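What follows is a short report on a single structure.
All residue numbers refer to positions in the sequence shown, counting from 1. Just so it is clear, the model here is predicted, and its values are computed rather than measured. Whatever order the structure lists them in is the order used to number ligands and atoms, beginning at 1.
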Amino acid sequence: MKNAFSSAVLVGAVAVSATPYGPLNKWGSGGGGSQPSASSGASSTASSWNSGSTAHPVGYGQTPFKFPLSNGFPDVDNATLRGIEETAQGTLPNGALPTAFQNPAGTTTIFELIAFNELFEVAFFSSLIYNITNNVEGFGIGSDVLKDYTLLALNAVLAQEELHNLGANGILAAAGQEIITPCEYVFPTAKFDDAIAFARTFTDVVLSTLQAGQAGLAAGGDDEFLTLLGAVQGQEGEQNGFYRDLLNLIPSAAPFLTLGAPQFAFSTLNQNVVVNGTCSGPGNDLLFKSIPIFGVLTIATDPSKIILADTNLSFSVETPSSASDVSAWSVAFLNQQNVPVISKVTNVKVDNGVATFDAWFPAGTNIMAALTISAVVQGDASKLTSAAEVAAATIFGPGLIEIN
Ligand SMILES: *[C@@H]1O[C@H](CO)[C@@H](O)[C@H](O)[C@H]1NC(C)=O
Ligand SMILES: *[C@@H]1O[C@H](CO)[C@@H](O)[C@H](O)[C@H]1NC(C)=O
Ligand SMILES: *[C@@H]1O[C@H](CO)[C@@H](O)[C@H](O)[C@H]1NC(C)=O
Ligand SMILES: *[C@@H]1O[C@H](CO)[C@@H](O)[C@H](O)[C@H]1NC(C)=O
């Protein structure tokens, strides 16, 4: 099956662009460049994901995606749940749920963020499946066999994500906490290839965040959920192997996947896909009070130029700060399980409320493949030794970089 998804097949498919998996250039302000084709032997490719200039955007000219789904999700009766479970190839965990958390504030935030993210994923995969099924321009797959196989895989993913959401909300409800209800969503993708590349990146962000969730559960004494999060991580990793395979990348990205922080996941969602102001209800109100949303950090370097080599990257942010204030900032890079790389900003220019600057990104020296989370930090950055400390010092971010 693997090689059946060569770019040749996709290029030959109905209405799929002739540029195989452009590096998400729609999302970067650099806007350009195409990824070297797999057959060129180039192994260093990058994509960065950021929405451009506004933090609470977005739109992409779309009518926002709204719940419920046609099956009623997120409100499902028993028969519908059974159907979702059959498509997902398994049931919600059927053991008794705890009626209280040891660490109510922290553990509630963790499960609310998971439920919040899973609702976005359900929206995204629903839209993607609709687009492929209906041969929407840019999403048609010309081979019936490949189209059926892709839809079979994605329909399982959709059902599995629905269960992840129902599971997280079920845990919250059993513990007497507020559940998360849907927002409205938009998607920065107008082609199959870009949608799969985007799925790969947001799944990497999820994988970086679930690790932080496990650390939070353990620190708060709610250890009984650690295995559940481990089970979800493995599941999301299986998904990502499929997306990477479609993108002609080797299935397993790196020996140790990148550790992130909840602030980066929440900022990613709110800066790029959640329609500002559409998240209502007590659960969302609490979540928005519990996790900050950072300012948007735009990676100005052309994503196709970001390879596994040491380089200066260019960034921009909207800020009222002066050039001398900006000069005191650093950029932190989180990759795999390594201590943060911290680089002072250089080449600072401030014009009309937009600051541009560079930072040294030693991707080659440190073999920074897979997801790198970049963030602008203030204060004494030399003291930042963990992802959590970086997140606590962040003012703009994340700038998401994917290499190989
Ligand atoms: C749905 O299933 C739950 C759990 O098995 C059960 O308690 C409930 O009575 C069922 N509801 C209906 C309407 O059958
Ligand atoms: C589905 O297609 C529409 C129309 O092109 C597009 O706006 C939307 O982003 C697509 N959905 C996904 C998940 O890419
Ligand atoms: C978007 O949400 C933020 C809070 O997250 C708020 O400060 C801002 O005013 C909102 N913008 C719009 C246009 O609604
Ligand atoms: C990176 O930027 C710094 C500061 O402007 C500069 O001194 C250095 O030469 C640059 N390095 C490369 C490889 O361009």
Please could you name the atoms of ligand 2 that [X] approaches to less than 4.0 Å, counting only its heavy atoms?
X    : result
S127 : 1 (C), 10 (C), 11 (N), 12 (C), 13 (C)
F124 : 13 (C)
N131 : 1 (C), 2 (O), 3 (C), 8 (C), 10 (C), 11 (N), 12 (C)

Has [X] got a side-chain atom pairing as donor or acceptor with [Y]'s backbone, closer than 3.5 angstrom?
X    : Y    : answer
T108 : E178 : no
T356 : S316 : no
K147 : G142 : no
E118 : E162 : no

*Among pairs that include at least one residue of residues 326-335, which meet side-chain hydrogen bond (donor to acceptor under 3.5 Å, both in side chains), considering only residues two or more places apart or in two chains?*
N335-T372
_Just to be sure I understand the cut-off, which residues have at least one non-hydrogen atom under 4.0 angstrom from an atom of ligand 4?_
N312, T346, N347, W360
*With a 3.5 Å cut-off and no angle check, do the side chains of Q239 and E161 form a donor-acceptor pair?*
yes
*Heavy atom of F139 under 4.0 Å from ligand 2?*
yes
*In chain order, what residues pass the salt bridge (charged side-chain N to carboxylate O under 4.0 Å, His left out) check against D380, with sequence neighbours excluded?*
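Scan of D380 (salt bridge (charged side-chain N to carboxylate O under 4.0 Å, His left out), adjacent residues dropped) gives K383.
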_Pairs satisfying ring-ring contact (aromatic ring centres under 6.0 Å, His included), at least one member in residues 75-112, at least two apart_ =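 For residues 75-112: F101-F225, F111-F225.
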*Between E137 and ligand 2, is there a nitrogen or oxygen pair with a distance under 3.5 Å?*
no
